[in-house]
Protein chains: 2
Amino acid sequence: MTSTDPKPGAPGVRPTRQRLAVAAALASVDDFRSAQEIHDLIAQQGDQVGLATVYRTLQRLSETGEVDMLRSEDGEAIWRRCSETHHHHHLVCRQCGATVEVEGPTVERWTDSIAAEHGYADISHTLEIFGTCPSCR
Amino acid sequence: MTSTDPKPGAPGVRPTRQRLAVAAALASVDDFRSAQEIHDLIAQQGDQVGLATVYRTLQRLSETGEVDMLRSEDGEAIWRRCSETHHHHHLVCRQCGATVEVEGPTVERWTDSIAAEHGYADISHTLEIFGTCPSCR
DNA sequence: TTATCTGCAAACATTTTGCAGCGAG
DNA sequence: CTCGCTGCAAAATGTTTGCAGATAA
């Protein structure tokens with residue numbers, strides 16, 4: 001494999017002003033934010049990016065695993081930059097939103113075995129933990 | 001307590017034709033359905049109920065714990081009549097919606113220990129498993 | 001130059017709400 | 001009779017898409 005790969009059909013991602021702005025916004029916060037909120041953050045940074053572009057960028061980032069995307073309780077998509085590159089879950093404070101990323105080989109194994117037991121294939125799962133963090137007690 | 005309770009301020013739920021139709025639709029299937037799908041089910045039963053009423057009814061039923069409401073992977077609300085009264089999770093088929101209710105003492109114990117480890121209190125969690133069931137493979 | 005990206009606005013899908021009329025108790 | 005319930009259609013979200021023009025390589 002060579003370092004450059006101009007194969008026809010290869011994506012070729014461009015580091016545009018808009019994408020840098022989204023990345024900067026994501027870098028400036030530690031908690032999960034909606035597309036609207038990220039759009040507002042960019043505006044506060046003095047930048048100007050269309051909302052559709054924010055969506056498209058977040059979508060791409062979550063596909064490549066650079067951000068975590070999950071759904072709030074009312075079904076809205078929320079994103080956060082992801083420090084771990086592999087599958088993991090979140091322990092989120094109900095009060096202040098403080099988030100801890102946790103890994104669960106135990107859980108992964110359990111869901112896989114449950115699924116296998118019932119003959120289900122192509123398994124995925126969602127697991128989020130909510131609680132009150134030490135400083136909010 | 002008497003059988004009737006006309007206390008001022010008490011809701012006073014009326015068993016109307018529409019609510020019975022929603023209940024019948026929920027009773028006729030075992031899996032999670034969207035509001036639209038439940039609306040269609042009612043139509044197939046030969047009944048006719050407004051979609052807004054379906055939403056209002058499902059909302060009330062989920063508040064009283066008579067149905068489970070959860071979110072599909074794309075953020076859509078889906079409902080199912082609830083057979084278990086205690087905490088449990090779901091293994092849901094992406095294609096046909098076939099659902100298995102599963103219990104996870106393993107998971108409950110794991111989430112509790114993770115939370116304790118980070119000093120979080122008053123813990124709750126959401127866990128849903130999605131896959132393709134045997135008959136949809 | 002050329003393929004990708006962006007902005008805008010319109011399209012979409014889901015869910016909520018306002019209001020006049022209907023219906024159960 | 002009265003209040004709650006329903007239907008309809010409009011509004012409110014949140015998200016996606018089509019397309020012409022801008023832009024990185």
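Each chain gets a letter, A, B and so on, in the order the sequences are listed, and its residues count up from 1.
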- Item | D/dC5 phosphate, OP1 or OP2, under 4.0 Å from B/Arg19 side-chain N/O | yes
- Note on the structure: Rounding to the nearest 10°, end axes of the helix from C/dT1-D/dA25 to C/dG25-D/dC1 built from five pairs each make an angle of 30°
- Task: Look at all strands and tell whether A/Ala35 reaches a base, only sugar-phosphate, or nothing, counting heavy atoms closer than 4.0 Å.
- Result: nothing
- By nearest-heavy-atom nucleotide on DNA chain C, the more 5' of B/Thr16 and B/Gln59 is B/Gln59
- Query: Salt bridge between A/Arg17 and A/Asp47, side-chain N to carboxylate O under 4.0 Å?
  - Reply: yes
- Note on the structure: Closest to the side chain of A/Glu76, out of C/dT6, D/dG14, C/dT16, is D/dG14
- Query: Considering only side-chain heavy atoms of B/Gln18, which listed nucleotide, D/dT15, D/dA25, D/dG7, is closest?
  - Reply: D/dG7
- Round to the nearest Å and state the distance from A/Leu58 atom CG to C/dC5 atom P. 15 Å
- Message: Quiz question: by atom type and distance under 3.5 Å, do the side chains of B/Ser34 and B/Gln36 form a donor-acceptor pair?
- Response: no
- Query: Do A/Gln45 side-chain atoms and A/Ala25 backbone N/O form a donor-acceptor pair below 3.5 Å?
  - Reply: yes
- Query: Is there a side-chain contact between A/Asp122 and B/Arg94 (heavy atoms, below 4.5 Å)?
  - Reply: yes
- Task: Check the distance between C/dT14's C1' and B/Trp79's CH2 and give it to me in whole angstrom.
- Result: 9 Å
- Query: 5'-most contact on DNA chain C: B/Pro15 or B/Arg71, nearest heavy atom basis?
  - Reply: B/Arg71
- Can B/Arg71 and A/Glu76 be counted as an ion pair, charged N to O under 4.0 angstrom? no
- Item | Atom-pair distance (CE on B/Met69; C1' on C/dT15), nearest Å | 10 Å
- D/dA24 base to A/Arg17 side chain: any donor-acceptor pair below 3.5 Å? no
- Query: When you measure from every atom of DNA chain C, which of residues 37-57 of chain A have a heavy atom less than 4.0 Å away?
  - Reply: A/Gln48, A/Val49, A/Gly50, A/Ala52, A/Thr53, A/Arg56
- Task: Would you please classify the geometry between the A/His89 ring and the A/His125 ring as parallel, tilted or perpendicular, with 30° and 60° separating the classes?
- Result: tilted
- Query: Considering only heavy atoms from C-beta outward, does the side chain of A/Leu70 approach that of A/Thr126 to under 4.5 Å?
  - Reply: no
- Message: Just the rounded figure in Å: distance from P of D/dT16 to CD of A/Glu63.
- Response: 10 Å
- Is A/Asp30 paired with A/Arg81 through a side-chain N to carboxylate O contact shorter than 4.0 Å? yes
- Task: State yes or no: are the ring centers of A/His90 and A/Phe32 separated by less than 6.0 Å?
- Result: yes
- Whole angstrom value for the distance that separates P of C/dC5 from CZ of A/Arg14: 6 Å
